[in-house]
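Below: the structure, in structure tokens.
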Amino acid sequence: MDMRSADQAARVAALQDAALRVNSGGSPPRVSAEWMLPKALWLAEREPHLYDTAATICEYQDFLNLRLTGVRCGAANNMAVRWHCSTQQGPPLSLLSQLGLSSLAAKWPTSSSSSSSSAPLLPGQLVGGLTPAAAAHLGLLPGTPVAQGGADAFIGMLGLGVVAPGQMALLTGSSHLQLGVVGSELHGPGFFGTYRDAVLPGCHVIEGGQTSTGSVLAWFRRTCCAPGTPYSELDAEAAAVPPGCEGLTALDHFQGNRTPHTDALSRGVLAGLTLKHGRGHVFRALMESVAAGTAVILRTMRAAGYTPECITLAGGAARSELWLQIHADMTGLPLRLTRCADAPMLGCAILAAVAAGMYDSVPSAAAAMVAVEREVRPDPAAVAAYRAPLARYAALYPALAPIFHGKYDNGGQYDNEGQNDRASDGGEAGAGVAREGVANGLPPTPAAAAVTVAAVVPSSTLVGGAGVVSRNSATCTISIDPHDSTPNPNPSLSIPASLSTPSPSSRDIIIAPSILAADFANLGAAVAAAAAAGAPWLHLDVFDGSWAACDNFSIGPPVVAALRRVAGGGLFLDCHLGLMAPGRYVERLAAAGADGITFHWEVLQGGQGGQQDEQRQGQQEAESEGGRQGGTASSIAAAATTAVAVRQLAGRIRSAGMRAGVALAPDTALPEELVELAAQGHVDMVLVMTVPPGFGGQTFRPAALEKVARLRAACPQLLVQVDGGINPATARQAAAAGADVMVAGSFLYGHPQGVAEGMEELRSALKQAAVETNGPSES
Ligand code: DX5
Ligand code: ZN
């Protein structure tokens, strides 16, 4: 999903212009970064030359029509649904002018003179005939009529024969989309639309959506059942469970909520589990949660004045009789099923038939071409039985939203004694930013995803590439564009260029995905995901089980070498050594292709633990130094041993061509000697652990941030890393304390929408932190 224009989307939404009334009644933030205005604004701001010289700015569909027919025309469907435009009012001129984009309307394909009319074309209207070149390419006759189309789900409405007020199309798959025909214009909170002329002339369409539905059932089968378990087996188990699952209620928001809450941070839930519940209960609870989500959307629409009479359903949900019945019972509406399962495809055929002159209108073509085969009617007893489960479902999101928004992420410090202010500030604002940053729970588009990958991959080898967020600027500082990145003279050391500048406020923040949280059976994929998401660094935890305080065994030099092979030269591989004898691994890790080694202060501390070379040498050197200075040799040596050993090991790491870092466990007070070493430039990085070393997924300890702040103040040139429990809320706190590198494991690799989404949420949070620290930038 190309979310580069998340910031622009937020600015579009904030204007609360009348043209935004189709976006959940016009209250922000309800504008997706995927849509026309944010993207055009991004282009105008970030690639002004491209914007200025572009004759046409349009959807890929318009471009295809141009290539097929030579006609440059607008699509009424896309323009109504995603351009804040209408066939009645035309382009959203006041919105465009407030954004400084008045020139955009003239670049839209509607202004073409080559088209017979400058008005956008409705679905089924004739675009033109195939050009000889397009006809030759496709093996068709020149002049073959090309019909205007639209977004798949809207054309799917036609394929379901949903053309009259009161009818509703439910398109099911990995997500659910509810599209209803409304008699007159309607706007309000909790739904999108109504869009006029989006599918039929004069017809108003209302839109609701659920981001994860079939995907939730697929997730359950994949993760909780034996491989190959058929859905029919799960269906049978679920059918044996009564409606309401004996008190078990699920929330289907595994990838956020599109409507009515429009909250990308909302998450899936199973509430009310007891020991009597079995697999069938859980599977049925998930099925019920999806149907309940649709019921709540319909309730929201009814409250605004739209009352659907029936639902015509297409897609995967039709394969389960049980699930169909649950939908009918939860919504209280009859479900109609049509003969042709592929509704968007049949919709295209309907439009083509009209454009070819076989029918005089889309409704008459739909009447002739769509066949309703059967109906699933609600069972009155079940409708009554679902009343309480529906109420429980509807109560879950509002009750849990503070948790989803990170209010309790601050090490459990969200309480009634005044500490909640800080936590809630971070949580709320972070949530707002992340909401915008992940498309307001809207679905990804494949075309946009391709753009993101293409732009990000080359830049990951460059300084200032994606994943690096400038701390001193509020807007447009995420540099995802390979063209405006400064080449790194040494690509294997992706240290931000601005590190050489004295002012800490001008540093870049690096996000380093921690491999410890990735699927160890798929490490190559984990590296690729981080690279594609634009991560400039990878954090590799090298634990060999030798240090009691870090009781885990993770990866070693051979695996680092393998990761280097798949990472190529572009990613900075930062090895965090949670083990007793770090000196043993310096040369081996250098040979494996590591770029940085961070070892623990604690393991070199005088007298503790193993017999590392550094420690013995440090002791000798410190003793002789103490002797020269004439003090009590043993006391001075005790104080200096660790520092000398650290300095020596750091030197060895640097001699091997890597950056040297020192890590501190959360309970270790910041040693004065380390501050001194760092201030004198003997180490490149200090990694402040915000959880006990060893395992991912632990709770962030905010107390450790005092060390970050002290290091930042004392050592402007030092890279200060934070490791453990990093998420958008805690990243903001760490950034505010002055951290340069955010190591994030479970948040990124456990992110339900993938590493790229997680990175995007972290970047948004960091950008917000930058605004708070430095104030908004020039614009
Ligand atoms: C913990 C490791 C971290 C770990 C962080 O001992 O050093 O690198 O992967 O993981 P999260 O962010 O999931 O706590
Ligand atoms: Zn680590």
Side-chain angles (χ1 to χ4, degrees), residues 406 409-412 509-520 523 526-527 529-530 533 535 537-556 559-560 563 572-580 582 585 589 594-603 659-668 685-702 704-705 707-708 719-735 739-752 754-755 758-759 761-762 765-766:
D409 289 357
N410 191 18
I509 295 182
I510 292 167
I511 299 169
S514 177
I515 282 294
L516 194 63
D519 177 2
F520 270 37
L523 287 181
V527 173
W537 285 28
L538 269 189
H539 183 89
L540 309 180
D541 286 305
V542 178
F543 305 152
D544 66 8
S546 60
W547 182 27
C550 181
D551 190 19
N552 197 1
F553 208 117
S554 58
I555 66 173
V559 179
V560 174
L563 296 180
F572 185 90
L573 299 187
D574 195 29
C575 295
H576 171 196
L577 274 51
L579 39 79
M580 276 312 280
Y585 294 102
L589 285 171
D595 298 305
I597 288 185
T598 295
F599 56 89
H600 271 266
W601 176 271
E602 295 85 1
V603 304
R659 302 270 168 163
V662 178
L664 294 174
D667 292 335
T668 307
M685 328 182 267
V686 170
L687 180 142
V688 175
M689 291 217 61
T690 36
V691 300
F695 298 93
Q698 305 181 75
T699 305
F700 182 83
R701 297 190 182 182
L705 293 181
K707 291 181 252 185
V708 173
L719 271 183
V720 183
Q721 306 199 36
V722 284
D723 184 6
I726 290 296
N727 59 36
T730 55
R732 283 159 55 103
Q733 296 172 35
D740 304 291
V741 181
M742 307 285 164
V743 177
S746 37
F747 178 74
L748 290 177
Y749 284 108
H751 197 287
V755 175
M759 288 282 290
E761 287 180 26
L762 283 180
L766 292 171

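Every number for a ligand or one of its atoms is a count from 1 in the order of the listing.
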Is it the case that the side chain of Asp723 and the backbone of Met689 share a donor-acceptor pair, with hydrogens and angles ignored and the cut-off at 3.5 Å? no
May I ask you to identify the nearest protein heavy atom to atom 12 (O) of ligand 1, giving residue, atom name and distance to one decimal place in Å? Gly745 N, 3.0 Å
Between the side chain of Ser554 and the main-chain N/O of Asp541, is any donor-acceptor distance below 3.5 Å? yes
Provide the number and element of each atom of ligand 1 under 4.0 Å from a heavy atom of His576. 7 (O)
Note: ligand 1 atoms sitting under 4.0 Å from heavy atoms of Gly724 are 14 (O)
Student check: side-chain heavy atoms of Cys575 and Val560 closer than 4.5 Å: yes
What I want to know is whether Gly725 and ligand 1 share at least one N or O pair that is separated by under 3.5 angstrom. yes
If only atom types and distance count, is the side chain of Glu761 paired as donor or acceptor with the main-chain N or O of Pro728 below 3.5 Å? no
List every atom of ligand 1 that sits less than 4.0 Å from any heavy atom of Gly697, numbering the atoms from 1 in the order shown and giving each element. 11 (P), 13 (O), 14 (O)
My understanding is that we take every heavy atom of each candidate and find the minimum distance to atom 2 (C) of ligand 1. Doing that for Val691, Ile515, Asp541, Thr699, which one comes out nearest? Asp541
One residue to check: Ala517. Relative to ligand 1, which of side chain, backbone, both or neither has a non-hydrogen atom less than 4.0 Å away? neither
Any donor-acceptor N/O pair, Thr690 side chain to Gly724 backbone, under 3.5 Å: yes
Can you confirm whether Ile726 sits close enough to Ile511 that some side-chain heavy atom of one is under 4.5 Å from a side-chain heavy atom of the other? no
Could you check whether any side-chain N or O of Asp574 sits under 3.5 Å from a backbone N or O of His539, counting only pairs where one atom can act as donor and the other as acceptor? no
With heavy-atom distances below 4.0 Å as the criterion, list the atoms of ligand 1 near Phe695. 1 (C), 6 (O)
Short list, please: which atoms of ligand 1 are under 4.0 Å from a heavy atom of Pro693? 6 (O)
Considering only N, O or S atoms of His576, the one closest to the Zn ion (ligand 2): ND1
Side chain proximity check, Met742 to Val722, heavy atoms < 4.5 angstrom: yes
Tell me, which protein residue and heavy-atom name are nearest atom 6 (O) of ligand 1, and how many Å apart are they? Gly694 N, 2.6 Å
N/O donor-acceptor pair under 3.5 Å between Glu602 side chain and Ala665 backbone: yes
Taking the N/O/S atoms of Asp541 one by one, which is nearest to the Zn ion (ligand 2)? OD1
Which of the listed options, Gly578, Gly750, Ser746, holds the heavy atom that is closest to atom 11 (P) of ligand 1? Ser746
Please name the atom of Asp723, limited to N, O or S, that comes nearest to the Zn ion (ligand 2). OD2
Which protein heavy atom lies closest to atom 10 (O) of ligand 1, and at what distance to 0.1 Å? Gly696 CA, 3.5 Å
Per-atom contacts of ligand 1 with His539, taking only distances under 4.0 Å to non-hydrogen atoms: 8 (O)
Could you find the nearest protein heavy atom to atom 3 (C) of ligand 1 and give me its residue, atom name and distance? Asp723 OD1, 2.9 Å
In the structure I gave you, are the side-chain heavy atoms of Pro513 and Leu538 within less than 4.5 Å of one another anywhere? yes
Checking the side chain of Ser746 only, and the main-chain atoms of Gly697 only, is there a donor and an acceptor separated by less than 3.5 Å? yes
At a 4.0 Å threshold, what atoms of ligand 1 neighbour a non-hydrogen atom of Met689? 1 (C), 6 (O), 7 (O)
Taking atom 9 (O) of ligand 1 as the reference point, the nearest protein heavy atom with its distance: Ser514 OG, 2.6 Å
Is there a donor-acceptor contact under 3.5 Å from the side chain of Ser546 to the main chain of Met580? yes
